[in-house]
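Note sheet for the following structure.
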Amino acid sequence: MQQTYDASAVESKWQKRWEEAKVYEVDLKKAKDSYYSMVMFPYPSGDKLHVGHWYNFGPADSYARFMRMQGKEVFAPMGFDAFGLPAENYAIKTGIHPSKSIAENTRTMIAQLKHIGCMYDWSKTVNTSQPEYYRWTQWLFLQMFKNGLAYRKEANVNFCSCCQTVLANEQAQNGLCDRCSTEVIRKPMTQWFWKITDYAETLLQNLDDLDWPEKTKLMQRNWIGRSEGVEVEFQVDCSDEVITVFTTRVDTLYSGTFLVLAPEHSLVDALTDAQHEAEVRAYKLAAAKKTDIQRTDLAKEKTGAFTGAYAVNPLSGEKMPIWIADFVLAHYGFGAVFADAHDERDFAFAKKYGIPLKTNICPADGGDADAIRNLEVCYTEDGILYDSGEFDGMSSADARKAIAKWLEKRKKGRGVVQYRLRDWSISRQRYWGAPIPIVYDPEGNPHPIPEEHLPWLLPTDVEFKPTGTAPLAQSKELKERTEKLFGKGWKPEVDTMDTFVCSSFYQFMYLSTEGVGTKSEIGNRKSDFIDAKIEKKWMPVDMYIGGAEHACMHLIYARFVTMALKDFGFVNCEEPFKKLVHQGIITNQGAKMSKSKGNVVSPDAFVEKHGADVFRMYLMFMGTFTDGGDWSDTGIKGIDRFVQRIWKVLNKRVDQCSPQVRAKVHATVKKCTEDIPALRFNTAIAALMELLNDLEKQGGIAQEGAEIVARLLAPLAPHLAEELWESIGKKGFVIDQPWPEFDPALLETTSVTVAVQVNGKVRGQIEVAVDVAEAEVITQAQEEPNVARHLEGKQVRKAIYVKGRLVSLVV
RNA sequence: GUCGUGGUGGCGGAACUGGUAGACGCGCCAGCCUUAGGAGCUGGUGUCCGCAAGGACAUGAGGGUUCGACUCCCUCCCACGACACCA
């Protein structure tokens, strides 16, 4: 045995042995007690693995290792979310092809990941940018298309007229292009959408049964944004046109005095009269220049323009002027609202433009009825109706039902449910993504590319310089390929898919893959999308750990795609992730680590100095896993010492542990057994440290105890535990050993220390047997010298005994 | 603005369904060992008073419920995070 523990030598030794013995490879077909553990796969960027990765992957691996020692056959795959913007921007800057930079980054990242010592099954890795993978991204598109869930429509994109390119929201912050600072405009483009809204209700309902953080569920509920209301039809005055509006407050319809349409509303041009044409056109143009961020800036004053047209209020029969304003969003509801004095926004807008207002609701207790009636204040709450014909005196809630019924009877409206959730725009006018498997006939009609032509390869003869058209449009090869296969005049779709599509089904790809991403031959994977038996056995994912930033986008898309695949008959599960946990964020001096701030902490130096086990354990020991924390390197020493000391003491044998130490060993087993599955790694490690202190006082540990402690360490410090297991003379891998069990009998004590309080203050402690009667304990408590002093000359009015804890005396 | 989360020693953080606040670690202090130590070992360490025994005060601030509150309730302050005109 060496005197000191040489982390770096030990770690490479065991990493090599694990790999040679294929310890972490899982036979997906044969496995019986399956446990599927996933982390959110990383993007292979040129920067090295950072602290955030370690903070996600290390603890997640400790959890997976614990599950394995519980007897589960744990499948823990790792892959790469390799398509996306950074590689493309890097290519624009350097001329290096994304496939080349991504391949290189992936290679270095795999090497780095292996140093963490996680139990990844590298035989089943995925890389979304490989044809073997994106063939299935394209297949998924075809299924969506076939089942009517993929359609085309015009939608706005952020566009920079200087760079001649479409921008992602993150590239267009505060309305300026992040490359050239030109003002970003909204440009309409025809794009592919997936009908996620068909699943809005299921996405919402299923949340109740998921073992997910309540916070995340709440965010998804808000994102889906279900609201019940009424769709009301307004006849345009002197015209056949009808404007449909959605409202949750149909009880205020009587006071509705004007309509507001989104500038993009399809009827705007038809409604606008000659007199207002110039103003409306100017307003529409101005609105188009604004990004959503600017349009939805609450601080900015509301603006609008009058069209000159009027509609009729179906309830009151009054004429309502029709306005346009950019605070009304084209993509929510019907892109139109009716406005009244019971809404702050409408109220302010009407006052600004001198539009008449009316009220019809006051608080149930009368409240400030006059001020409301005189339009001095804006009352937005529910209340009692007045000036509302047959609905007078009704409560808002009753009126909503009654008015809905009234409208329905006259075919002027109906009760409906609206969602905030919008269909998923999956088109990207970019190069580095999965090509959309669609071709257009000479008339411009879209046709799906037959499955036998998949993967529909991403062409390579493309310049990356932005030209205003989608990069794939420049490819001669793609054009020729299309004409050769489909005929003269046929054109390929030139958009690629959103990278969120790639990551929406990777939970299935890990299960249906042998080495995708490690082999580079195209189309070597001829099997079905997934083997039904394997899917049934492994899905849904038992534990999914990743950042909270994906609470809405990725985690909703993956749920939607899983639901759709179930309805198409390819999978059995409806939900992809049974249990979800978000790790906290590691900040540096209180700020999120980012390249631009220059405060990124690299793990490399620490790992080199102390080893992966120490670094992993330190991250876990820093605080609560789900809370994250602020980085500081001062405490890592403590974990380093812990590793050295535990190495020493576990290699020092005593014939027999004292009863106290034996009890402590078993108490530590209990604590770790409870804390690790609950992801409370910090307290599990603290318990092991307490035990270590006792062991050192004893001067060593008995063989039996050493075998227990080595196994307790296996999830937390995998390399150290293997080395210990070997050095105490055990065969095989410690990770293949069953998790130790504790003997509850050893944890029972015969006597306990009980605190004695007098008027709520601790005045002394007494030792009592566990099963002693209450009266006896109270008598003993009063006899304790210091307690007696405080009781002197006073009458005990009340005495409370909390078993095994304390006695509370009131005088 | 709305919603959410959280404020505990010099620092990171513990604390079961209300039951001895400060586990564990860092740092600091003293001692041992050493040619030396940014190594190791032993002990101490919330603040204040006291030689000590002991006592007073302490979980962002203020109030309340209780024999007893970091924990429950009310008001306020601060920090962080998410969403952002949703009709």
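Just so we're on the same page: letters track the sequence lines, and every chain starts at 1.
Remark: Arg805(A) is in phosphate contact with U20(B), judged by side-chain N or O atoms under 4.0 Å from OP1 or OP2. Contact between the side-chain N/O atoms of Lys761(A) and the OP1/OP2 oxygens of C57(B) is found at a separation under 4.0 Å. For the pair Arg763(A) and G55(B), the criterion of a side-chain N or O lying under 4.0 Å from OP1 or OP2 is met. Using a 4.0 Å cut-off, some side-chain N or O of Lys798(A) falls inside it from OP1 or OP2 of C67(B). The side chain of Arg420(A) contributes an N or O atom lying less than 4.0 Å from OP1 or OP2 of A84(B). The shortest distance between the side-chain N/O atoms of Lys637(A) and the OP1/OP2 oxygens of G27(B) is below 4.0 Å. OP1 or OP2 of U2(B) has not a single side-chain nitrogen or oxygen of Asn222(A) nearer than 4.0 Å. Note on Arg249(A): every side-chain N or O is 4.0 Å or more away from OP1 and OP2 of A87(B). Remark: Thr683(A) is not in phosphate contact with G13(B), judged by side-chain N or O atoms under 4.0 Å from OP1 or OP2.
Met689(A) places a side-chain heavy atom less than 4.5 Å from the side chain of Ile639(A). The shortest side-chain heavy-atom distance between Leu679(A) and Pro59(A) does not fall under the 4.5 Å cut-off. When side chains are defined from C-beta on, Val752(A) counts as touching Val768(A), because their heavy atoms get closer than 4.5 Å.
Here Arg221(A) lies out of heavy-atom contact (under 4.0 Å) with every strand. Residue Asn682(A) is in sugar-phosphate contact alone, with no base atom involved, counting any heavy-atom pair closer than 4.0 Å across all strands shown. Residue Glu690(A) is classed as a sugar-phosphate contact, given heavy-atom separations below 4.0 Å to backbone atoms only. Using a 4.0 Å heavy-atom cutoff across all strands shown, Asn693(A) reaches sugar-phosphate atoms only and no base atom. Contacts of Gln418(A) with the nucleic acid, taken as non-hydrogen atoms under 4.0 Å apart, are absent. Residue contacts shown for Arg680(A) are absent, as no nucleic acid heavy atom lies under 4.0 Å away. Here Thr587(A) lies out of heavy-atom contact (under 4.0 Å) with every strand. At a threshold of 4.0 angstrom between heavy atoms, the contacts of Val337(A) include nucleobase atoms, whether or not backbone atoms are also involved. Among the heavy atoms of the strands lying under 4.0 Å from Arg641(A) are primed sugar atoms or P, OP1, OP2 only; no base atom is included. In this structure, Ser632(A) reaches neither bases nor backbone, as no heavy-atom distance under 4.0 Å exists between it and the strands shown. Heavy atoms of His342(A) sit nowhere under 4.0 angstrom from any nucleic acid atom.
Between G13(B) and A21(B), the distance separating the two P atoms is 23 Å to the nearest Å. Using P as the reference atom, C70(B) and G22(B) are 12 Å apart when rounded to the nearest Å. Going from the P atom of A58(B) to that of G9(B) covers 14 Å, rounded to whole Å. For A84(B) and G12(B), the C1' atoms lie 35 Å apart once the distance is rounded to whole Å. A distance of about 8 Å separates the C1' atoms of G27(B) and G10(B), rounded to the whole Å. For G37(B) and C29(B), the P atoms lie 14 Å apart once the distance is rounded to whole Å. Taking the P atoms as reference points, G60(B) lies 6 Å from U8(B), given to the whole Å. Using atom C1' as the reference point in both G43(B) and C33(B), the two lie 15 Å apart (nearest Å).
Rounded to whole Å, atom C1' of C83(B) lies 17 Å from atom NE2 of His550(A). Distance Gln583(A) CD to G81(B) C1': 15 Å, rounded to the nearest Å. Taking atom CE of residue Met622(A) and atom P of nucleotide A14(B), one finds them 11 Å apart after rounding to whole Å.
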Trace of the side chain to side chain donor-acceptor pair (under 3.5 Å) decision for Arg797(A) with Asn759(A): CA-CA 10 Å; Arg797(A) 287 216 316 261; Asn759(A) 281 353; over 6 Å; no

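A glycosidic torsion no more than 90° from 0 defines the syn conformation; G63(B) lies beyond that range and is anti.
Of the candidate nucleotides C67(B), C24(B), A87(B), C67(B) has the atom nearest to the side chain of Ser808(A). You'll find that the side chain of Val328(A) is closest to A87(B), out of A87(B), U20(B), C3(B). In this structure, of A87(B), A14(B), U20(B), it is A14(B) that holds the atom nearest to the side chain of Thr624(A).
Thr634(A) contributes no side-chain N or O that forms a donor-acceptor pair with the base of C26(B) under 3.5 Å.
Each of Phe246(A) and Asn786(A) lies near RNA chain B, and the nucleotide nearest Asn786(A) is the one positioned closer to the 5' end. Comparing Gly638(A) and Gln765(A), the nucleotide of RNA chain B nearest to each residue sits closer to the 5' end for Gln765(A).
Put simply, the side chain of His342(A) never gets that close to the backbone of Thr380(A): no donor and acceptor are under 3.5 Å apart. Side-chain atoms of Thr257(A) come within 3.5 Å of backbone atoms of Pro356(A) as a donor-acceptor pair (strictly under, hydrogens ignored).
The nucleotide G62(B) finds its pairing partner in C74(B), both defining distances of the Watson-Crick or G-U wobble pair being shorter than 3.5 Å. Summarising the base pairing, C51(B) is matched to no nucleotide, lacking a Watson-Crick or G-U wobble pair whose two defining distances lie under 3.5 Å. Base-pair partner of U5(B): A79(B) (Watson-Crick or G-U wobble, both distances under 3.5 Å). Nucleotide C33(B) forms a pair with no other nucleotide shown, judged by Watson-Crick or G-U wobble geometry with both contacts under 3.5 Å. The partner of G22(B) cannot be assigned: no Watson-Crick or G-U wobble pair with both contacts below 3.5 Å exists in any strand. In a base pair of the Watson-Crick type (N1 to N3 plus N6-O4 or O6-N4) or a G-U wobble (N1-O2 and O6-N3), with each distance short of 3.5 Å, A15(B) is matched with no nucleotide. Nucleotide U45(B): paired with G27(B) (Watson-Crick or G-U wobble, both distances less than 3.5 Å).
Note: Phe621(A) and Phe642(A) fail the aromatic proximity criterion, with ring centroids not under 6.0 Å apart.
Using a 4.0 Å cut-off between charged side-chain N and carboxylate O, Glu231(A) and Arg414(A) make a salt bridge. Lys217(A) and Glu214(A) are joined by a salt bridge, as a carboxylate oxygen and a charged side-chain nitrogen come within less than 4.0 angstrom of each other.
Cation-pi check for Arg559(A) over Trp212(A) is met; the charged atom lies under 6.0 angstrom from the ring centroid and within 45 degrees of its normal. Remark: Arg616(A) is not positioned above the aromatic ring of Trp54(A), lacking an NZ or CZ atom under 6.0 angstrom from the ring centre and at most 45 degrees off the axis.
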Report all interatomic pairs (protein N or O, nucleotide N or O of nucleotides 29-34 of chain B) with separations under 3.5 Å.
none

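Tyr419(A) and Thr197(A) are not linked by any side-chain donor-acceptor pair at a separation below 3.5 angstrom, with hydrogens and angles left out of the test.
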